[in-house]
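In what follows, a single structure is set out as structure tokens and then discussed.
In what follows, every chain begins at residue 1, and chains take the letters A, B, ... in the order their sequences are listed. Quantities reported herein were computed from a predicted structural model and do not represent experimental measurements. All values below were derived from every heavy atom in this structure, side-chain atoms included, with hydrogens, water molecules and symmetry-related copies excluded.
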Amino acid sequence: MDIERFQEQLLRWFRQQKRDLPWRKDQDPYHIWVSEIMLQQTRVETAIPYYEKFIEQFPTVEDLAQAKEEEVLKAWEGLGYYSRARNLHQGVKEVREKYGGKVPDDKEEILKIPGIGSYTAGAILSIAYGKKEPAVDGNVLRVFSRLLNSFEDISKMKTKKIIEEKVKELIPDHAASDFNQALMELGATVCTPKSPLCLLCPVMDFCEGRKEGNQDQLPVKAKKKGQKIVYRVGLIMQKEGKVAFVKRPSDGLLANMWELPSLESENPLSNQEWQEKIKEEFGIELTLNQPWMTIDHIFSHLKWKLVIYRVDDSQPLANISKQSKNWNWMNQSEIEKLSFPKAYKQVIDLLWIE
DNA sequence: AAGTCGGGGGG
DNA sequence: CCCCCAGACTT
């Protein structure tokens with residue numbers, strides 16, 4: 001294959017067609033870093049407003065390193081995969097301490113930073129520093145699966161490593177940044193998961209997959225497993241204009257996020273059964289028979305079926321259980337500083353409307 | 001190698 | 001409903 005012609009056609013297309021994105025305004029390694037973390041498993045359109053606000057709030061490594069975790073999580077609220085925010089925060093602190101505030105330009109060093117894996121390392125090194133390192137994300141895996149007419153399972157690490165080697169051989173000497181971004185841009189806008197726009201593809205004549213008519217069968221990817229269902233109840237308790245919240249543990253699902261005091265069950269419970277459980281666990285006797293609202297919230301591998309009960313002011317909260325020592329009674333201005341997962345955020349926002 | 005970790009948009 | 005998204009980390 002004529003590598004130089006492949007590079008030329010791809011680069012020319014990218015330089016004409018590339019989208020105007022906020023993280024393409026400069027090559028500040030810290031800015032590229034923030035954008036790449038936000039873009040992990042996240043669509044470009046979703047990340048844009050978060051990126052702009054985040055950089056405005058934390059313009060430099062110093063600013064983010066000095067911030068409190070609460071502020072960082074608040075800036076990340078709604079984006080999902082919250083460990084990304086905590087790793088980024090931790091990583092920036094390490095860069096300030098170990099590297100004097102300068103993001104490492106060396107693959108081995110940058111890979112030691114929490115939250116930076118093989119893809120993100122390659123993206124920062126190539127985009128911010130112009131280094132010839134591959135940045136293989138889901139787009140590039142799909143593009144190369146089709147280019148090579150490969151039926152290897154792209155969800156396997158082995159396949160990813162093979163493609164990383166392949167990409168590394170193809171990176172032109174003085175255009176690593178544009179080349180890597182071009183491959184991703186191609187996957188995002190032309191070589192799409194469904195119904196690829198092959199007629200618009202700048203490297204159509206290199207594509208073995210299309211040559212064989214396999215573009216719609218590729219890439220091959222193992223199917224995901226089904227999701228478990230978790231049944232859950234949350235209580236809205238108000239006392240003197242304050243509402244009780246709890247902070248989730250520092251690891252696992254929605255780590256360090258806030259939520260309503262909640263109980264879980266592996267199997268579905270009737271309203272009456274929920275109320276009995278609430279009485280057992282919290283020592284609270286509900287006067288209402290119907291929940292205030294119900295919410296289905298879907299995560300990648302599990303689903304919450306969430307029932308919200310409201311405890312009005314007349315309800316005596318004197319003899320509530322010892323679990324209540326974990327409850328934090330917050331007024332409205334305090335609540336606005338906490339970060340909530342979407343499932344609870346939509347409930348909290350309704351509290352001030354009525 | 002397989003699970004875990006959010007949320008949203010498109011077909 | 002299903003899939004996938006500029007993936008990383010843990011076990």
Side-chain angles (χ1 to χ4, degrees), chain A residues 14 18-19 21-24 32-51 73 76-88 90-91 110-124 126-127 134-143 145 153-161 164 167 177 179-189 191-196 216 219-228 248-257 259 295-304 339-346:
Chain A
F14 175 67
K18 70 175 178 181
R19 293 168 288 179
L21 301 174
W23 43 87
R24 287 179 175 163
I32 304 299
W33 181 6
V34 170
S35 74
E36 293 302 340
I37 300 299
M38 285 190 173
L39 287 164
Q40 288 169 7
Q41 298 295 287
T42 305
R43 293 174 194 285
V44 165
E45 309 81 63
T46 305
I48 288 175
Y50 282 91
Y51 175 81
L73 277 178
W76 213 267
E77 183 182 52
L79 246 192
Y81 287 129
Y82 299 98
S83 65
R84 292 184 297 175
R86 297 187 299 131
N87 284 337
L88 174 61
Q90 177 60 30
I110 202 171
L111 277 174
K112 293 177 182 171
I113 298 172
I116 298 186
S118 136
Y119 162 75
T120 305
I124 296 174
S126 63
I127 298 173
V136 175
D137 68 341
N139 288 310
V140 180
L141 288 172
R142 181 174 58 255
V143 167
S145 165
D153 184 347
I154 62 166
S155 66
K156 304 243 179 229
M157 191 56 62
K158 189 180 79 177
T159 308
K160 182 174 177 181
K161 287 192 172 179
E164 283 178 335
V167 171
S177 171
F179 186 78
N180 279 339
Q181 292 186 74
L183 288 175
M184 294 188 272
E185 191 97 348
L186 187 66
T189 63
C191 196
T192 48
K194 293 171 188 170
S195 310
D216 291 323
V220 174
K221 191 171 183 178
K223 292 173 187 171
K224 282 196 306 186
K225 293 182 60 180
Q227 36 187 214
K228 280 186 291 187
R248 293 178 62 87
S250 57
D251 60 348
L253 183 68
L254 301 169
N256 287 356
M257 303 288 282
E259 66 179 0
I295 300 169
D296 282 12
H297 193 74
I298 301 171
F299 301 96
S300 44
H301 66 293
L302 66 86
K303 179 193 294 186
W304 279 0
S339 30
F340 298 96
K342 286 278 180 173
Y344 289 98
K345 177 68 172 170
Q346 53 182 301

Open item on the list: Reading DNA chain B from 5' onward, which residue's closest nucleotide shows up sooner: A:Lys158 or A:Gln40?
Closed with: A:Lys158
Open item on the list: Please determine whether a side-chain nitrogen or oxygen atom of A:Tyr81 lies at a distance below 4.0 Å from atom OP1 or OP2 of C:dC9.
Closed with: no
Task: Point-to-point distance, once rounded to the nearest 0.5 Å, from CD of A:Glu77 to OH of A:Tyr50 - done: 7.5 Å
- [ ] Name the residue closer to the 5' end of DNA chain C, choosing between A:Trp23 and A:Pro114 according to the nucleotide with the nearest heavy atom.
- [x] A:Trp23
TODO: Could you tell me whether A:Phe299 and A:His301 have their ring centroids closer than 6.0 angstrom?
DONE: no
Task: Euclidean distance, atom CD1 of residue A:Ile295 to atom C1' of B:dG6 [Å, nearest integer] - done: 15 Å
Task: Length of the line joining A:Leu186:CG and C:dC5:P, which is rounded to integer Å - done: 14 Å
Task: Stepwise side chain to side chain donor-acceptor pair (under 3.5 Å) check, A:Gln40 with A:Tyr119 - done: CA-CA 9 Å; A:Gln40 288 169 7; A:Tyr119 162 75; over 6 Å; no
TODO: May I ask you to say what A:Ser35 touches in the nucleic acid, namely base, sugar-phosphate or nothing, with a heavy-atom cut-off under 4.0 Å?
DONE: nothing
Open item on the list: Is it the case that the base of B:dG7 and the side chain of A:Thr42 share a donor-acceptor contact (distance under 3.5 Å, atom types as modelled)?
Closed with: no
- [ ] Tell me which of A:Arg24 and A:Asn87 sits closer to the 5' end of DNA chain C, going by the nucleotide each one is nearest to.
- [x] A:Arg24
TODO: Identify which nucleotide among C:dA8, C:dC3, C:dA6 has an atom closest to any side-chain atom of A:Lys223, counting heavy atoms from C-beta outward.
DONE: C:dC3
Open item on the list: Whole angstroms only, please: what is the CD1-P distance between A:Ile154 and C:dC5?
Closed with: 7 Å
- [ ] Report yes if at least one side-chain N or O of A:Lys194 is closer than 4.0 Å to OP1 or OP2 of C:dC3; otherwise report no.
- [x] no
Task: Separation of atom OH in A:Tyr51 from atom C1' in C:dA6, rounded to whole Å - done: 14 Å
Open item on the list: Below the 4.0 Å mark, does C:dG7 have OP1 or OP2 next to a side-chain nitrogen or oxygen of A:Gln41?
Closed with: yes
- [ ] Measure from the side chain of A:Lys221, starting at C-beta and using heavy atoms only, and say which of C:dC4, B:dG8, B:dG6 lies closest.
- [x] C:dC4
TODO: Specify the residue among A:Asp251 and A:Met157 whose closest nucleotide of DNA chain B lies further upstream toward the 5′ end.
DONE: A:Met157
- [ ] Please measure how far the C1' atom in C:dC3 lies from the corresponding atom in B:dG6, and state the result in whole Å.
- [x] 16 Å
Open item on the list: Just the rounded figure in Å: distance from P of B:dG7 to OH of A:Tyr344.
Closed with: 12 Å
Open item on the list: Students often get this wrong, so: under 4.0 angstrom with heavy atoms, is A:Trp304 touching a base, only sugar-phosphate, or nothing?
Closed with: nothing
Open item on the list: Using a 4.0 Å heavy-atom cut-off, does A:Gly78 contact any base of the nucleic acid, only the sugar-phosphate backbone, or nothing at all?
Closed with: sugar-phosphate
Open item on the list: My understanding is that a pair needs two contacts under 3.5 Å, Watson-Crick or G-U wobble. By that rule, which nucleotide pairs with C:dC2?
Closed with: B:dG10
Open item on the list: Mind checking if A:Tyr119 touches a base, just sugar-phosphate, or nothing, with heavy atoms under 4.0 Å?
Closed with: base
Open item on the list: Using a 3.5 Å distance criterion without hydrogens, assess whether the side chain of A:Arg84 forms a donor-acceptor pair with backbone atoms of A:Met38.
Closed with: yes
TODO: Kindly say if A:Lys225 contacts the phosphate of B:dA2, meaning a side-chain N or O under 4.0 Å from OP1 or OP2.
DONE: no
Task: Length of the line joining A:Tyr50:OH and B:dG7:P, which is rounded to integer Å - done: 9 Å
- [ ] Give A:Ile37 one of three labels, base, sugar-phosphate or nothing, depending on what nucleic acid heavy atoms sit under 4.0 Å from its own.
- [x] nothing
- [ ] Measure the shortest side-chain to side-chain distance between A:Leu39 and A:Trp23 over non-hydrogen atoms and say whether it is less than 4.5 angstrom.
- [x] yes
TODO: Determine the contact category for A:Ser300: base if any of its heavy atoms lies under 4.0 Å from a base atom, sugar-phosphate if only primed atoms, P, OP1 or OP2 are that close, otherwise nothing.
DONE: base
Open item on the list: Between A:Arg142 and C:dC5, is there a contact of a side-chain N or O with OP1 or OP2 at under 4.0 Å?
Closed with: yes
Task: Nucleotide B:dG9, atom P - distance to CD of A:Glu45 in whole Å - done: 9 Å
Task: From CA spacing to verdict: side chain to side chain donor-acceptor pair (under 3.5 Å), A:Thr189, A:Arg19 - done: CA-CA 10 Å; A:Thr189 63; A:Arg19 293 168 288 179; over 6 Å; no
Task: A:Asn139 vs A:Arg142, side chain to side chain donor-acceptor pair (under 3.5 Å): CA-CA, chis, key distance, verdict - done: CA-CA 5 Å; A:Asn139 288 310; A:Arg142 181 174 58 255; 2.7 Å; yes
- [ ] Could you check how far NZ of A:Lys224 sits from P of B:dC5, rounded to whole Å?
- [x] 14 Å
- [ ] For A:Arg248, answer base if it contacts any base atom (sugar-phosphate contacts may also be present), sugar-phosphate if it contacts only those atoms, and nothing otherwise; contact means non-hydrogen atoms under 4.0 Å.
- [x] nothing
TODO: Assign the ring pair A:Tyr344 / A:Trp304 to parallel, tilted or perpendicular, where the plane angle (0 to 90°) is split at 30° and 60°.
DONE: perpendicular
TODO: Remember a base hit wins even if backbone is also touched, and classify A:Ser195 as base, sugar-phosphate or nothing at under 4.0 Å, heavy atoms.
DONE: nothing
TODO: Give a yes/no on whether any side-chain N or O of A:Lys156 is located under 4.0 angstrom from OP1 or OP2 of B:dA2.
DONE: yes
Open item on the list: Side chain of A:Arg43, heavy atoms from C-beta onward: which of B:dG8, C:dA6, B:dG10 has the nearest atom to it?
Closed with: B:dG8
TODO: Using a 4.0 Å heavy-atom cut-off across all strands, classify A:Leu141 as base, sugar-phosphate, or nothing.
DONE: nothing
Open item on the list: Does A:Arg84 contact B:dC5 through a side-chain donor or acceptor facing the base, at a distance under 3.5 Å?
Closed with: no
Open item on the list: With rounding to the closest Å, how many angstrom separate the C1' atoms on B:dG9 and C:dA8?
Closed with: 23 Å
TODO: Quick one: label A:Leu79 by what it contacts on the DNA or RNA (base, sugar-phosphate, nothing), any heavy atom closer than 4.0 Å.
DONE: base
Open item on the list: At 4.0 Å (heavy atoms only), tell me whether A:Glu185 reaches a base, stays on the sugar-phosphate, or touches nothing.
Closed with: base
Open item on the list: In whole Å, measure the gap between the P atoms of C:dA6 and B:dG11 for me.
Closed with: 14 Å
Open item on the list: Is the phosphate of B:dG6 approached by A:His297 (side-chain N or O, under 4.0 Å from OP1 or OP2)?
Closed with: no
